[in-house]
Colleague: 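I have a structure I would like to understand better, so I am pasting it below and will then ask my questions one at a time.
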Amino acid sequence: MNTDEVLGIFREAGAVLEGHFILTSGLRSPVFLQKARVFMHADKTERLCKALAERIRAAVSGKIDYVVGPAIGGLIPAYETSRHLGAPAIWVEREGGEFRLRRFEIAKGSRVVIVEDIVTTGLSIRETVDCLRALGADVVAAACIIDRSAGKTDVGVPLIALAEYEVPAYPADKLPPELAAIPAIKPGSRNI
Ligand SMILES: O=P(O)(O)OC[C@H]1O[C@H](OP(=O)(O)OP(=O)(O)O)[C@H](O)[C@@H]1O
Ligand SMILES: O=C(O)c1cc(=O)[nH]c(=O)[nH]1
Ligand SMILES: [Mg+2]
């Protein structure tokens with residue numbers, strides 16, 4: 001599956017939003033990929049995640065013990081991708097603002113792959129890597145449906161992206177006037 005097909009699925013689902021968005025990193029952007037509008041459709045999610053699982057299989061040799069999704073956005077793609085990889089899906093979720101593996105125990109040395117929805121700065125994946133490494137996990141790779149950094153971000157492990165789609169994002173004090181003129185909304189769950 002190529003980038004045009006991935007973006008085609010997002011557009012068909014009405015998931016490419018335009019306006020003024022506050023991203024999880026604090027950056028501001030005129031475009032927001034509302035993945036929930038894709039993941040509400042099992043057929044679309046299956047197509048995307050089957051293709052992502054194939055990319056992961058091609059890049060990662062050896063057993064994968066767990067697929068880990070960072071909640072909330074990573075929950076559905078991690079689960080669906082895990083189905084195609086034949087590995088169980090677990091998740092990290094925020095407790096006091098920090099990602100924790102609250103509901104599961106994993107053995108030290110477990111080989112895990114993180115599956116995210118969207119990457120912008122890579123902050124959320126880096127936080128997930130830190131959480132998992134602190135538990136003794138071997139984070140062999142991270143994967144995402146769309147990488148908005150187009151390969152520029154470093155998440156500390158190899159990043160496998162189904163599609164790369166570079167979208168402008170600005171610090172809050174450096175907004176272009178057309179963006180500053182629109183009230184900002186924050187769709188994601190960080191700090192809620
Ligand atoms: O690469 P980053 O700069 O970290 O941005 C990407 C992250 O932002 C979104 O999560 P968010 O925290 O907004 O909440 P959500 O998972 O509930 O959508 C998305 O699900 C990724 O986790
Ligand atoms: O950077 C983000 O927070 C972000 C961007 C985006 O397009 N979609 C999303 O869910 N989060
Ligand atoms: Mg998220």
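Each ligand, and each atom within it, is numbered from 1 in the order the structure gives.
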Colleague: Quick one: look up the protein heavy atom nearest atom 19 (C) of ligand 1 and list residue, atom name and how far away it is.
Modeller: Asp117 OD1, 3.3 Å

Colleague: Just one of His41, Lys44, Arg37 clears the side-chain hydrogen bond (donor to acceptor under 3.5 Å, both in side chains) bar with Glu12, so which one?
Modeller: Lys44

Colleague: Return a yes/no value for Ile72: is any of its N or O atoms, backbone included, closer than 3.5 angstrom to an N or O of ligand 1?
Modeller: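 By distance alone, the answer is yes.
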
Colleague: Measure the distance from atom 4 (O) of ligand 1 to every protein heavy atom, then report the residue, atom name and distance (to 0.1 Å) of the closest one.
Modeller: Ser124 OG, 2.6 Å

Colleague: Flag the pair Glu5 and Arg47 as a salt bridge only when some basic side-chain nitrogen lies within less than 4.0 angstrom of an acidic carboxylate oxygen.
Modeller: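 No, Glu5 and Arg47 are not salt-bridged.
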
Colleague: I'd like to know whether Trp91 forms a ring-ring contact (aromatic ring centres under 6.0 Å, His included) with Phe104, so could you lay out the CA-CA distance, the side-chain angles of the two residues, the decisive distance to 0.1 Å, and finally the verdict.
Modeller: CA-CA 8 Å; Trp91 61 87; Phe104 311 95; 4.9 Å; yes

Colleague: Which protein heavy atom lies closest to atom 16 (O) of ligand 1, and at what distance to 0.1 Å?
Modeller: Gly73 N, 2.8 Å

Colleague: Taking the side chain from Thr128 and the backbone from Ser124, do they hold a donor-acceptor pair closer than 3.5 Å?
Modeller: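 Yes: the side chain of Thr128 pairs with the backbone of Ser124.
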
Colleague: Counting heavy atoms only, which part of Gln34 comes closer than 4.0 Å to ligand 2: side chain, backbone, both or neither?
Modeller: neither

Colleague: In ligand 2, which numbered atoms sit nearer than 4.0 Å to a non-hydrogen atom of Thr24?
Modeller: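 Those of ligand 2 that fall under 4.0 Å from Thr24 are 2 (C), 3 (O).
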
Colleague: What is the closest protein heavy atom to atom 6 (C) of ligand 1, and at what distance does it sit?
Modeller: Ile118 O, 3.2 Å

Colleague: Please examine the side chains of Val92 and Val68, heavy atoms only from C-beta on, and report whether any two atoms are closer than 4.5 Å.
Modeller: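 A side-chain contact exists here, since the closest heavy-atom pair is under 4.5 Å.
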
Colleague: Report yes or no: is the cationic atom of Arg28 (NZ for Lys, CZ for Arg) under 6.0 Å from the centre of the six-membered ring of Tyr170, at an angle within 45° of the ring normal?
Modeller: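 So Arg28 doesn't make the cation-pi contact.
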
Colleague: Please list the nearest protein heavy atom to atom 17 (O) of ligand 1 with its residue and the distance rounded to 0.1 Å.
Modeller: Ser189 OG, 2.5 Å

Colleague: If you take all heavy atoms of Ala53 and His84, which pair is closest and at what distance?
Modeller: CB-CB, 3.5 Å

Colleague: Any donor-acceptor pair under 3.5 Å linking the side chain of Arg55 with the backbone of Ala161?
Modeller: yes

Colleague: If every non-hydrogen atom of Ala89 is compared with every non-hydrogen atom of Ser82, which pair is closest and at what distance?
Modeller: CB-OG, 3.4 Å

Colleague: Side chain or backbone, does Thr120 bring an N or O within less than 3.5 Å of an N or O on ligand 2?
Modeller: yes

Colleague: Relative to ligand 1, is Thr121 under 4.0 angstrom through side chain, backbone, both or neither, heavy atoms considered?
Modeller: both

Colleague: Please write down residue, atom name and distance for the protein heavy atom closest to atom 4 (C) of ligand 2.
Modeller: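 Looking only at protein heavy atoms, the one closest to atom 4 (C) of ligand 2 is Phe32 CE1, 3.6 Å.
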
Colleague: Numbering the atoms of ligand 2 from 1, which are under 4.0 Å from a heavy atom of Lys35?
Modeller: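 Going through ligand 2 atom by atom, the ones under 4.0 Å from Lys35 are 9 (C), 10 (O).
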
Colleague: Just need the protein heavy atom nearest to atom 12 (O) of ligand 1, so name the residue and atom and give the distance.
Modeller: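 Checking every protein heavy atom, the shortest distance to atom 12 (O) of ligand 1 gives Thr24 OG1, 2.8 Å.
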
Colleague: If you count the atoms of ligand 1 from 1 in the order shown, which ones are under 4.0 Å from a heavy atom of Val119?
Modeller: 1 (O)

Colleague: Ignoring hydrogens, just give me the one of Leu33, Leu123, Leu27, Ile72 whose non-hydrogen atom is nearest atom 8 (N) of ligand 2.
Modeller: Leu33

Colleague: Is it the case that the side chain of Arg148 and the backbone of Tyr165 share a donor-acceptor pair, with hydrogens and angles ignored and the cut-off at 3.5 Å?
Modeller: no

Colleague: Between Lys50 and Glu54 (salt bridge meaning N to carboxylate O under 4.0 Å), is one present in this structure?
Modeller: yes

Colleague: Going by the order shown, which atoms of ligand 1 are within less than 4.0 Å of some heavy atom of Leu123?
Modeller: 1 (O), 2 (P), 4 (O)

Colleague: Which atoms of ligand 1 have any heavy atom of Gly122 under 4.0 Å away?
Modeller: 1 (O), 2 (P), 3 (O)

Colleague: Answer yes or no: does an N/O atom from Asp117 fall short of 3.5 Å to an N/O atom of ligand 2?
Modeller: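 Checking ligand 2 against Asp117, no N or O pair falls under 3.5 Å apart.
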
Colleague: Please state which protein non-hydrogen atom is closest to atom 22 (O) of ligand 1 and give its distance, to 0.1 Å?
Modeller: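 Looking only at protein heavy atoms, the one closest to atom 22 (O) of ligand 1 is Glu116 OE2, 2.5 Å.
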
Colleague: Hey, does the side chain of Thr81 reach the backbone of Ala78 with a donor-acceptor pair shorter than 3.5 angstrom?
Modeller: no

Colleague: What heavy-atom pair brings Leu135 and Lys108 nearest, and what distance separates the two atoms?
Modeller: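 Heavy-atom minimum between the residues: O-CG, 3.9 Å.
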
Colleague: Among protein heavy atoms, which sits nearest to atom 9 (C) of ligand 1, and what does the distance come to when rounded to 0.1 Å?
Modeller: Lys35 NZ, 4.0 Å

Colleague: Return a yes/no value for Ile118: is any of its N or O atoms, backbone included, closer than 3.5 angstrom to an N or O of ligand 2?
Modeller: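 So ligand 2 has no N or O lying under 3.5 Å from an N or O of Ile118.
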
